[in-house]
Amino acid sequence: MTTTANAESTAETTNRSGLRVDRGSLRSLILYPVILLAILGLLILWLLTADLTNTERVTLAPGELWTMTKQHLWLTLVATVIVLVVAIPLGVLLTRKPFRPFKGFISGVANFGQAAPAVGLIVLFATWIGYGPTAAIAALVVYAVLPVLANTMAGLDAVDKSLIEAGRGMGMSAWAVLWRIELPLAVPLMLAGVRTALVLVVGTATLGTFINAGGLGLLITTGVNLDLSRVLITGSILVALLALTVDWVGRVVEHIARPRGL
Amino acid sequence: MSSQASAEGQQNGQGAGQEVTGVPILLDGVTKQYGSKSAPAVDHLTLEIPAGSTVMFVGPSGCGKTTTMKMINRLIEPTEGSIVIDGEDVTTMNGDELRRRMGYVIQAGGLFPHMTVAANIGMVPKMLGWDKQRIASRVDELLELVSLDPGQYRDRYPKQLSGGQQQRVGVARALAADPPVLLMDEPFGAVDPITRQRLQEEMISIQQELKKTIVIVTHDIDEAVKLGDWVVVFDEGAHIQQYDSPERILSDPANDFVADFVGRGAGLKTLGLARVHEVPRMEAVVVTPEQTPAEALRQAEESGHGHVLVLDKQQRPIAWPSVEQLRRAEKLPHIHEENLPVVGTGATLEDALDTMLVSRAGAALVVGARGRFEGVVDLDTVMETLRDRRAGENQPKAPVGTNDEDITLERSPETGEITIVPSGGGAR
Ligand SMILES: Nc1ncnc2c1ncn2[C@@H]1O[C@H](COP(=O)(O)OP(=O)(O)OP(=O)(O)O)[C@@H](O)[C@H]1O
Ligand SMILES: [Mg+2]
């Protein structure tokens with residue numbers, strides 16, 4: 001269903017209380033996890049039928065894989081939560097009038113965080129904080145702040161100024177305008193930023209293995225070091241699947257949380 | 001000009017009626033200077049806005065109309081001077097609370113796209129702590145007021161409405177908590193001319209019912225004279241060039257600036273302001289279809305009229321034959337003639353003139369409710385009415401408006417009337 005330019009006819013094709021659902025994107029949202037499951041199935045099938053060596057069998061034991069996946073997700077989640085707690089309020093603050101002058105500077109810093117090589121960041125934090133998950137999380141946070149911060153600011157800046165004026169003009173406080181108008185209208189862009197950050201973090205968390213932070217990266221380093229190509233391939237595919245799954249969850253959330261009427 | 005409404009203005013539902021629900025507004029020596037170097041956007045403006053009247057701000061772009069309006073609800077804080085609403089100086093009170101007591105309408109409605117029509121309209125009542133039931137019934141009441149069917153529109157989102165409908169919802173939203181004051185910044189600027197005309201007419205009838213104090217900013221002098229009880233023409237720095245009734249702005253511009261602004265030949269526009277019911281009517285020679293042409297002729301000759309009007313039993317005009325036609329006629333017409341030069345009492349003089357010019361009699365028949373004949377108007381009486389209006393006879397004194405710094409305002413304790421007392425210069 002394409003968007004109709006004519007407001008009247010748009011109204012005609014919708015049900016009374018809501019707006020029309022974009023069927024195309026809904027279908028792809030349902031298809032997406034099916035494909036991911038199929039790939040996972042193929043991977044499992046391949047591992048079951050393959051003639052694995054003893055070392056490979058130990059490294060790829062289901063319990064081991066599950067533990068690594070959980071570690072990986074934990075790194076991702078903690079880092080992302082911290083990113084949200086830091087970047088969203090910061091983005092809100094930097095779009096408020098008195099703090100606008102700092103916007104360029106802070107964006108520059110965040111840009112630097114993302115432009116620096118991820119491995120470098122992780123090692124840097126490890127030598128500073130010490131080896132382990134804490135350093136990995138700190139590095140991931142620095143790495144992923146930018147998309148959330150940038151999209152929060154972009155989303156808030158994109159809100160039509162006349163709506164803010166209408167809100168203030170009817171007696172809403174600056175807070176009320178932020179909560180009830182600006183943030184809801186910025187939600188789609190902000191969520192897109194969060195999804196980008198999540199995918200970045202899932203991928204980058206693979207590097208955590210270099211500083212003993214755990215995660216699926218261990219499979220890849222083991223595969224490379226011991227020249228076990230099947231371990232290497234399994235690790236790579238699992239990380240990719242995890243990133244794609246996270247991306248899918250993000251899209252579903254975006255679909256649900258998108259304010260009606262937009 | 002007493003104000004019955006309290007400052008809260010929330011006793012809605014106490015009946016429509018003609019009672020004034022608006023409150024007077026006074027800008028007292030108000031200045032707004034945006035930068036320290038620039039010339040003031042609004043320069044020592046003193047302006048009285050009477051309760052229950054519609055005041056239009058017009059003037060060239062950048063003259064300070066919006067700035068002046070936004071200082072009334074303090075979206076912009078005045079650099080100097082004070083704003084007095086219903087006798088209360090609101091210059092230092094909490095701005096958000098002040099704004100909840102005033103309706104505010106901006107171009108294109110400014111509706112929140114993520115909220116339904118009902119949520120948009122219910123916003124201020126919700127902030128004021130009304131219960132759900134009361135908000136819901138108020139929303140429906142307002143949608144009806146602005147000619148939108150509540151059942152069909154209350155749950156829609158703004159993008160499911162046409163521009164004109166959005167603007168109507170914008171007006172409904174501004175009226176939600178029944179504020180005594182309504183501020184509108186180019187409210188009809190973003191809709192097509194036909195929709196604009198309809199919205200303007202609706203605004204007139206809403207105002208006739210509600211009698212709020214309304215300030216409207218516009219670029220359009222035609223809109224200003226059509227909607228306004230009073231029109232302020234501003235120049236750069238919100239310098240008042242003229243503050244007067246629409247008739248006098250059009251027919252008696254105070255200076256070249258105003259004359260240029262309203263356009264040459266604007267005097268003719270007063271035709272569009274005056275209504276037929278203001279014109280004195282003349283009698284006609286009236287007959288019934290049952291009478292003979294000879295009888296009709298005799299009546300016409302007795303009274304020296306050139307035409308005879310045939311009316312049916314309900315007093316509706318059937319035909320309006322001339323004396324010459326009567327001489328040739330065998331009997332009087334029974335069937336309602338089409339294309340009679342008929343105008344309603346609510347028609348504008350412009351419409352009446354149009355009708356007269358195509359009429360053989362050079363005059364028009366005035367009909368009232370249900371098409372009943374009420375009298376005849378002709379070119380002479382219309383022109384006379386126009387001349388009177390141009391002279392500004394029978395018109396109340398214009399409210400106070402000046403940019404003079406050396407004045408003090410005096411308020412009569414009995415009538416509440418505000419007058420200017422020059423203080424500087426020694427003249428008393
Ligand atoms: N926020 C601001 N900062 C600085 N100058 C401003 C600001 N807002 C308005 N001005 C200036 O003040 C003057 C009056 O502006 P205002 O918006 O009141 O004009 P206006 O009469 O409403 O014009 P228009 O018909 O174009 O809407 C203009 O010269 C404008 O440039
Ligand atoms: Mg303006």
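Only heavy atoms go into these numbers, but all of them, side chains included; no hydrogens, no water, no symmetry mates. Proteins get letters first, then strands, A, B, ... in listed order; numbering begins at 1 in each.
With respect to the salt-bridge test (charged N to carboxylate O, under 4.0 angstrom), the residues A/E182 and A/R96 qualify.
A/I137 CD1 to A/L77 CG: the interatomic distance, rounded to the nearest 0.5 Å, is 10.0 Å.
If you tally non-hydrogen atom pairs under 4.5 Å between each of A/A176, A/A174, A/S173 and chain B, the highest count goes to A/S173.
Side chains of B/T67 and B/Y34: a donor on one and an acceptor on the other come within 3.5 Å. B/T218 and B/E223 are linked by a side-chain donor-acceptor pair at a separation below 3.5 angstrom, with hydrogens and angles left out of the test.
Residue A/L185 touches chain B through its side chain alone, counting heavy-atom pairs closer than 4.5 Å. With a 4.5 Å cut-off on non-hydrogen atoms, B/R173 touches chain A through its side chain but not through its backbone. Looking at B/L183, there are no atoms closer than 4.5 Å to chain A (heavy atoms on both sides), in backbone or side chain.
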